Every structure is written in structure tokens, then in C-alpha cells.
Asks: 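Before anything else, here's the structure in question.
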There are 2 protein chains.
Amino acid sequence: MSKSEVVELPVLQDGDVVPCCPPITAGELAPADAEKMAAMFKALSDPVRLRLFSKIASHPGGEACVCDIADVGVSQPTVSHHLKKLREAGLLTSERRGTWVYYRVAPSVVAAMAAMLDLRA
Amino acid sequence: MSKSEVVELPVLQDGDVVPCCPPITAGELAPADAEKMAAMFKALSDPVRLRLFSKIASHPGGEACVCDIADVGVSQPTVSHHLKKLREAGLLTSERRGTWVYYRVAPSVVAAMAAMLDLRA
DNA sequence: CTTCTATGTTGACACTCGTCGATATGGGAG
DNA sequence: CTCCCATATCGACGAGTGTCAACATAGAAG
């Protein structure tokens, strides 16, 4: 890992339509933009996190209870740990409703990634 | 990191138009597909690698000599190490021509990522 | 041949990461 | 209140990662 400081947060913020960084093919990436993009890719660089993310993204209603997606072959604390990472990267939002906690994909995440790739969504 | 085996290689292969995995939002990601996608994102999850990648992707002619892109604030061995990682992930190809080594973005990498996001390039 | 330059490899180090069991917290039910 | 269930946090462990200096290799030029 780079020895630079941890990028603490928000890669993306709710309501942003234009995302954090210019397209990756548009020119030399500025160091600060590279940090933000790297943090986003890093959050998606684990198979378990990708499976959790895709389960939420493809769940009817756009949201999923942890209990709906927890079956990914690792322990409950590990699932919680991964969901926290995705939350910290700005990719997911969570909301407690009664006994259960519901996660959904943060708005404009897909659009942000598309912009990085120089595609219009 | 996941304790599963290392995904040794080719996330993408030259000539592939349809990439390794279904769109991330299309449904629950299969474990094997998640491994492949994670390996790709992992390769892009470092700021230095992202800057190298964007320098190559945006370089005139679609290729760049190492000497053109090596100025990213780390030592020469570290640059070489990161380029190797990107090569192993199938994101870059390299070719030696005389004294210099030229890197280019592997074909259909961008299209593959676009497909993951369920966008048509 | 030798020398120089460009790039890759090796080995070591500190740090980060994914994982788990144990424990804590939060809220509904009785 | 107590009990139970869902989720989060803590602490520890082994594995992996980024970095560098030192060295190795490849090719051009003298």
C-alpha cells in the first residue's frame, strides 16, 4: 500500500452528479484525484465486498437487510466489517429500521464510475 | 484480504469483447466472477498504479515508454513493481523495443469495465 | 571486449488487511 | 424488568502489500 495518509472519506457524496474525478483516459491523473479513485476501487477490490455490493445493488427495491445478504461464506463480524468499509468509501448508505439494518447503493455511484471511464450513463 | 487462492491471471484476454463478468447490478455475483472482478479492481486500487495507468491511457499513440511515465514520486524499482502488477492483472501489455519498454492499455479493458457497470461503451 | 543507460528482480522492512471468537449494543417481545 | 435476536465493535493472528537499496539483466554504443 502507499504510505500516504488514509483517505478518510467521501469519495462520493449524495447528490453529486458530477463525480470526484476526471475520466481516467482524459489525461494525466492528478495525485489527489488518484487517491480518491484508488479508495473507491480499493473498496471494491475484495470478492466478499463485491458480492455484498452486487446483492444490494440487485435487490428488489434497491435496498437489502443485512440478513438478506449475509450468506457469503464468512462470519457475521466479517460481513459487518466489509459493509462498514463499503459505507466508509461512500458506496453504501445504511439505515436502521427496528431490529434490522438496511443498506442501499449510494446515489450516483454508478454514474461516478462511468464518468471515470469516460462513458455517459 | 480474502483467504481464497490468488487469482493468478487473466482477468481479460486480448480479443475478448465480452468481458469476464456479468454487470454488477444484474444480480447476485457468482463467487468466481467476484474473484475476477476483485482482482481487476485491486490492480487499480493504488494511487501510483492509477496514475501510471492514466498516463499510459492518455499518452499519444496509446502507448508510453516507462521513461515517459516514471515520474510519479516513487523509486524506479517501485514503478517497475507496479507496472508488473498491472500487467499481471491483464490491464497492460508491454513490449521491448531496443533499449526501451513500451506499455499500452490492454484491448477491451475499458469495455470490460463498462460492461460490469451495465453500460454500453 | 567494456561501458553506459533502461528496466526488472531480490530481499527486507513496516504497515495494512481479512478473518475469527468474544463481547457489546440496540431494540422488540414477553 | 428479562430474554432473545440482529448487528456492530474489539482484540488478536497470519497473510499480503508498498516501499526502498542493492543487485541483475538487456541492449546500444564505443
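Residue numbering restarts at 1 for every chain, and letters A, B, ... go by the order of the sequence lines. In what follows, every heavy atom counts, from backbone to side chain, and hydrogens, waters and symmetry copies are set aside. Note that the structure is predicted; figures quoted are calculated from it, not measured.
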Asks: Kindly point out which of dA6(D), dT9(C), dC20(D) is positioned nearest to the side chain of Ser75(B)?
Replies: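 Ranking dA6(D), dT9(C), dC20(D) by closest atom to the Ser75(B) side chain puts dC20(D) first.
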
Asks: Is there a donor-acceptor pair under 3.5 Å between the side chain of Lys42(A) and the backbone N or O of Ala89(A)?
Replies: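 Such a contact is absent between Lys42(A) side chain and Ala89(A) backbone.
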
Asks: By the 4.0 Å heavy-atom rule, please label Tyr102(B) as base, sugar-phosphate, or nothing.
Replies: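 Since no nucleic acid heavy atom lies under 4.0 Å of Tyr102(B), the category is nothing.
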
Asks: Can you check the Lys85(B) NZ to dG16(D) P distance for me, whole Å?
Replies: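 Roughly 10 Å, once rounded to whole Å.
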
Asks: By the 4.0 Å heavy-atom rule, please label His81(A) as base, sugar-phosphate, or nothing.
Replies: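 Base contact.
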
Asks: What is the distance, rounded to the nearest whole Å, between atom CZ of Arg49(B) and atom C1' of dT19(D)?
Replies: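 Between C1' of dT19(D) and CZ of Arg49(B): 12 Å.
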
Asks: Indicate whether OP1 or OP2 belonging to dG8(C) is found under 4.0 Å from a side-chain N or O atom of Ser80(B).
Replies: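 For dG8(C), OP1/OP2 do have a side-chain N/O of Ser80(B) under 4.0 Å.
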
Asks: Scan Thr78(A) against the nucleic acid and name what it touches under 4.0 Å (heavy atoms): base, sugar-phosphate only, or nothing.
Replies: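 Base, at least one base heavy atom under 4.0 Å.
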
Asks: CD of Glu95(B) versus P of dG8(C): gap in Å, rounded?
Replies: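 Distance check: Glu95(B) CD to dG8(C) P gives 13 Å.
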
Asks: Indicate yes or no: at least one non-hydrogen side-chain atom of Arg87(B) is less than 4.5 angstrom from one of Lys84(B).
Replies: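 When only atoms from C-beta onward are counted, Lys84(B) and Arg87(B) do touch, with a gap below 4.5 Å.
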
Asks: Between dT19(C), dG28(C), dT7(D), which nucleotide has the shortest distance from any of its atoms to the side chain of Cys65(A)?
Replies: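 Of dT19(C), dG28(C), dT7(D), dT7(D) is nearest to the side chain of Cys65(A).
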
Asks: How long is the line joining CZ of Arg97(B) and P of dT7(C), in whole Å?
Replies: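 For the pair Arg97(B) CZ and dT7(C) P, the rounded distance is 12 Å.
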
Asks: Do the side chain of Arg96(A) and the main chain of Gly98(A) share a donor and acceptor less than 3.5 angstrom apart?
Replies: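 Side chain of Arg96(A) to backbone of Gly98(A): a pair is present.
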
Asks: What's the closest nucleotide to the Val74(A) side chain, out of dA8(D), dC20(C), dT7(C)?
Replies: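 The answer is dC20(C), which lies nearest to the side chain.
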
Asks: Check the distance between dT19(D)'s C1' and Leu83(B)'s CG and give it to me in whole angstrom.
Replies: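 Rounding to the nearest Å, CG of Leu83(B) and C1' of dT19(D) are 15 Å apart.
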
Asks: To the nearest angstrom, how far is Tyr103(B) atom OH from dT7(C) atom C1'?
Replies: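 In whole Å, dT7(C) C1' lies 8 Å from Tyr103(B) OH.
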
Asks: Return the 5'-most residue of the pair Gly73(A), Trp100(B) with respect to DNA chain C, ranking by each residue's nearest nucleotide.
Replies: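 Nearest nucleotide further toward 5': that of Trp100(B).
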
Asks: Given dG27(C), dA8(D), dT7(C), which nucleotide is nearest the side-chain atoms of Val101(B)?
Replies: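 Of the candidates, dT7(C) comes closest.
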
Asks: Find which nucleotide of DNA chain D each of His82(B) and Pro77(B) is nearest to by heavy atoms, and output the residue with the more 5' nucleotide.
Replies: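 In this pair, the answer is His82(B).
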
Asks: Please report the distance, rounded to the nearest Å, between CG in Leu86(A) and P in dA8(D).
Replies: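 The distance from CG of Leu86(A) to P of dA8(D) comes to 12 Å, rounded to the nearest Å.
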
Asks: Check for a donor-acceptor pair, side chain of Ser54(A) on one end and backbone N or O of Leu29(B) on the other, with a separation under 3.5 Å.
Replies: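 Side chain of Ser54(A) to backbone of Leu29(B), a donor-acceptor pair under 3.5 Å: yes, one is there.
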
Asks: How many Å lie between NZ on Lys42(B) and C1' on dA15(D), as a whole number?
Replies: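 So the two atoms are 10 Å apart, to the nearest Å.
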
Asks: On the side chain of Gln76(A), is there an atom forming a donor-acceptor pair with the base of dA8(D) - under 3.5 Å, no angle test?
Replies: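 Under the 3.5 Å cut-off, the side chain and the base do form a donor-acceptor pair.
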
Asks: Where the side chain of Lys84(B) is defined as all heavy atoms beyond and including C-beta, which of dG8(C), dT7(D), dT9(C) is the nearest nucleotide?
Replies: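 Closest nucleotide among those given: dT9(C).
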
Asks: Short question: side chain of Arg49(B), backbone of His82(B) - any donor-acceptor pair under 3.5 Å?
Replies: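 Judged by distance alone, no pair lies under 3.5 Å.
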
